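Written below as structure tokens is the structure these notes are about.
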Amino acid sequence: ETDMKIAAVTDDGQTISPHFGRASHYMVITVEDGQITGREMREKAGHRQFHQEPGHDHGHEDARGHGFGPGAQSRHVRMVATISDCDVLLARGMGQGIYQDLQQAGIRPVLTTVAGIDEAANLYLAGDLEDHPERLH
């Protein structure tokens with residue numbers, strides 16, 4: 001597929017955030033014929049609102065581990081909806097729950113050690129971006 005959209009979790013629009021859950025934005029890169037033709041910052045749903053939700057502690061821990069706590073599912077749905085038009089999501093770390101939710105939405109999560117968004121996107125397009133599933137927690 002020559003036309004696609006690649007999202008990366010970011011706070012500054014330049015670097016991929018170390019952790020999906022703590023990032024405030026997505027940078028969405030539009031690719032046409034293998035070339036980056038556009039960039040768009042999108043606010044990641046609910047990053048700030050979640051702090052106001054009753055019973056929300058930033059750990060989201062319960063017996064099933066990270067990202068599966070009460071309310072985690074609805075938070076994830078909102079976060080994934082923001083990038084529902086994207087094919088790939090680049091992150092440097094994320095919980096198992098959101099990883100599965102992205103896959104179910106048809107978005108391929110790629111866990112990378114590359115910090116630069118453009119560098120990672122170009123490596124991905126070249127087929128040279130290494131996926132590091134061990135960065136899941």
Side-chain angles (χ1 to χ4, degrees):
E1 178 187 16
T2 53
D3 295 1
M4 65 188 307
K5 285 188 178 176
I6 301 172
V9 286
T10 188
D11 293 304
D12 61 7
Q14 306 291 315
T15 52
I16 300 174
S17 295
H19 187 274
F20 177 93
R22 297 192 185 97
S24 59
H25 286 77
Y26 297 109
M27 171 60 76
V28 175
I29 292 175
T30 302
V31 178
E32 292 169 26
D33 298 320
Q35 300 297 310
I36 294 175
T37 57
R39 290 178 184 77
E40 176 199 352
M41 278 285 265
R42 297 183 190 174
E43 194 162 348
K44 193 161 132 272
H47 182 75
R48 282 193 294 278
Q49 296 93 287
F50 297 155
H51 296 292
Q52 278 85 56
E53 287 180 11
H56 176 61
D57 67 299
H58 215 68
H60 323 302
E61 295 293 347
D62 75 355
R64 285 164 298 169
H66 206 78
F68 285 103
Q73 194 67 36
S74 64
R75 287 197 292 273
H76 290 173
V77 166
R78 280 181 278 168
M79 289 184 213
V80 172
T82 309
I83 52 165
S84 59
D85 56 333
C86 295
D87 304 277
V88 177
L89 172 82
L90 305 177
R92 287 196 286 158
M94 70 174 68
Q96 194 79 45
I98 189 69
Y99 189 83
Q100 291 171 3
D101 291 335
L102 287 161
Q103 289 179 318
Q104 283 165 3
I107 300 167
R108 181 183 170 196
V110 178
L111 293 160
T112 179
T113 54
V114 177
I117 292 175
D118 282 12
E119 184 189 350
N122 282 311
L123 284 167
Y124 181 82
L125 292 170
D128 293 330
L129 188 65
E130 216 176 309
D131 195 2
H132 289 271
E134 74 277 4
R135 294 178 85 89
L136 277 177
H137 51 258

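Predicted, not measured: the structure shown is a model, and the values here were computed from it. Worth knowing before you read on, the calculation uses all heavy atoms, side chains too, and leaves out hydrogens, waters and symmetry mates.
- Under the salt bridge (Lys or Arg N to Asp or Glu O under 4.0 Å) criterion, E40 pairs with R42, not counting sequence neighbours.
- Atom CD1 in I6 sits 10.0 Å away from atom CG in D118 (nearest 0.5 Å).
- Taking the side chain as every heavy atom from C-beta outward, D131 and R108 approach each other to under 4.5 Å.
- Distance CE/M41 to OG/S24: 6.5 Å, rounded to 0.5 Å.
- In this structure, the separation between OG1 on T15 and CD1 on I117 is 6.5 Å, given to the nearest 0.5 Å.
- Below 30°, between 30° and 60°, or above 60°: for H19 and H137 the angle between ring planes is below 30°, a parallel geometry.
- The distance from the CG atom of D87 to the OH atom of Y124 is 7.5 Å, given to the nearest 0.5 Å.
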List the steps and the verdict of side chain to side chain contact (heavy atoms under 4.5 Å, CB included) for N122 and D128.
-> CA-CA 9 Å; N122 282 311; D128 293 330; over 6 Å; no
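- Partners of Q104 according to the side-chain hydrogen bond (donor to acceptor under 3.5 Å, both in side chains) rule, which considers only residues two or more places apart in sequence or in another chain, do not exist here.
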How far apart are the C-alpha atoms of R39 and V28, what are their side-chain angles, what is the distance that settles it, and do they pass the side chain to side chain contact (heavy atoms under 4.5 Å, CB included) test?
-> CA-CA 6 Å; R39 290 178 184 77; V28 175; over 6 Å; no
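- Side-chain atoms of T82 come within 3.5 Å of backbone atoms of R78 as a donor-acceptor pair (strictly under, hydrogens ignored).
- Looking at every heavy atom in both residues, T112 comes nearest to V114 through OG1-N, 2.9 Å.
- Residues L102 and V77 do not share a hydrophobic cluster, defined by chaining ILVMFWY side chains whose heavy atoms lie under 4.5 Å apart.
- The two atoms that bring P109 and M94 nearest to each other are CB-CE, 4.1 Å, heavy atoms only.
- Atoms CG and CD, on D3 and Q35 in that order, are 11.5 Å from each other to the nearest 0.5 Å.
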Derivation and outcome, side chain to side chain contact (heavy atoms under 4.5 Å, CB included), residues R135 and T113 = CA-CA 9 Å; R135 294 178 85 89; T113 54; 3.4 Å; yes
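- To the nearest 0.5 Å, atom CZ of residue R92 and atom NE2 of residue H132 are 12.0 Å apart.
- Side-chain contact between M4 and L125: present, with at least one pair of heavy atoms (C-beta onward) separated by less than 4.5 Å.
- Residues I16 and A120 come closest through the heavy atom pair CD1-CB, 3.6 Å.
- Between L111 and P133, the shortest heavy-atom distance links the atoms CD1-CA, 4.1 Å.
- D12 meets the salt bridge (Lys or Arg N to Asp or Glu O under 4.0 Å) test with no other residue; sequence neighbours excluded.
- No more than 12 heavy-atom neighbours from other residues, nucleotides or ligands sit within 6.0 angstrom of CD on E130.
- Minimum heavy-atom separation, V80 to Y26: N-OH, 4.3 Å.
- A donor-acceptor pair under 3.5 Å is formed between the side chain of K44 and the backbone N or O of F20.
- Of all heavy-atom pairs spanning D85 and K5, the tightest one is OD2-NZ, 3.0 Å.
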